[in-house]
Amino acid sequence: MNVINYEYSDTGLINWAHQIEVAGYSGWGDALNGSVGGSAISSGSCTTNNSSFPTQGLSPLQSWRIGESLFDTTATAPGAVGNCTTTWQLTFSTPGYTPGEMTYPTANVRCDNATAGNPNTGCVVPWYPAPAYYSQAANPGLANHVVQAQASGLPGGTFAAPLTRTTSDAITNSNRTQACGDAPSITGLSCDEYPLASTYQGLSAGGTRRTFAGCNFNLPSQTGPTGVSVCMIAAGDNSSQGGIMSQFYRAQRVLDGDPFRVLVVA
């Protein structure tokens, strides 16, 4: 048999779905007279809204039997964060035989009403590193710096380890000061650091600074996954970056310790 077990949620809704699909791909004898049905349960900061998987035959083979369940989070109070585990319990039965049971749990959903700037409750898959996008066309200086920094081995790109957000002002300020505290004063430019100051991968975590040609820093050009890159870029690009990240953290409900990526697009 093939079993597909999956959930889907929305960053702006208090409920989500857990679906399961079952299809036999080969069999013989009395098994072809079997049937499957089930129900879903939940544990954690959630309640089961409804579940539906009526008992139905497994034949004909290579055709899907689908169950769907809906759940509501209870993490709706201001500041609340809640995780939920949902489980499909399936029963396989054939006349004349003892039924068999299988469970298919998932623990992928976190809901919160604790995202800064977002007054509503919503749900995400917290281990998934959602991407923040920087545009070459809109912010060329910022995008070029990130491309060079990631190419030098720093995390956050498509095939590298993700970045993780910090909401600690102390860590953010320390990262920023260590990276850009001695930045040169150049009209129209400001200091950009990568990884971002609002991550646990900043200089507070160790490492040294690196830079690239045209960045106006007298620092070595290094490689490796630790440390930060600094570059003087157009002040407008740096200002745009702050807006991009604030909107991204809010829209994707990126909380402290959550992974994310930074990707450069045309």
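Everything numeric here is computed off the predicted structure, so don't read it as measured data.
For residues 100-138, no pair satisfies ring pair (Phe, Tyr, Trp, His ring centres under 6.0 Å), with sequence neighbours left out.
Across the pair C111 and C46, the gap between the SG atoms, which is the quantity tested here, reaches or exceeds 2.5 Å.
Neither L154 nor L203 shares a network with the other; the hydrophobic side chains, linked directly or stepwise wherever heavy atoms of I, L, V, M, F, W or Y lie under 4.5 Å apart, form separate groups for each. Under the 4.5 Å side-chain heavy-atom criterion for ILVMFWY residues, a single connected hydrophobic cluster contains both I244 and L196. The same ILVMFWY cluster, assembled from side-chain heavy atoms under 4.5 Å apart, contains both L90 and M1.
Side chain to side chain, Q222 and T208 meet the donor-acceptor criterion of an N or O pair below 3.5 Å. Counting only N and O atoms by type, the side chains of T48 and S42 include a donor and acceptor under 3.5 Å apart. Checked by atom type, the side-chain pair T86/H18 shows a donor-acceptor distance below 3.5 Å.
In this structure, R176 does not pair ionically with D169, as no charged nitrogen and carboxylate oxygen lie closer than 4.0 Å. With salt bridges taken as basic N to acidic carboxylate O contacts below 4.0 Å, none links D10 and R253.
Looking at L189, T211, I233 one by one, the single match for side chain to side chain contact (heavy atoms under 4.5 Å, CB included) with N216 turns out to be L189.
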Would you be so kind as to tabulate the donor-acceptor pairs closer than 3.5 Å made by side chains of residues 20-36, with sequence neighbours excluded?
residue : atom : partner : partner atom : Å
E21     : OE2  : Y6      : OH           : 2.8
D30     : OD2  : Y97     : OH           : 2.6
S35     : OG   : S93     : OG           : 3.1

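Atom-to-atom distance recorded for Q148:CD and R210:CZ is 12.0 Å, nearest 0.5 angstrom. With values rounded to the nearest 0.5 angstrom, N238 atom CG is found 9.0 Å from E193 atom CD.
Taking the six-membered ring for Trp and the full ring otherwise, the centers of F260 and Y249 sit less than 6.0 Å from each other.
Counting non-hydrogen atoms of neighbouring residues, nucleotides and ligands closer than 6.0 angstrom, the CG atom of N218 reaches no more than 12 such neighbours.
Taking the six-membered ring where the residue is Trp, F212 and H145 present perpendicular rings, their angle passing 60° and hence far from 30°.
No side-chain donor-acceptor contact under 3.5 Å links S174 to the backbone of A170.
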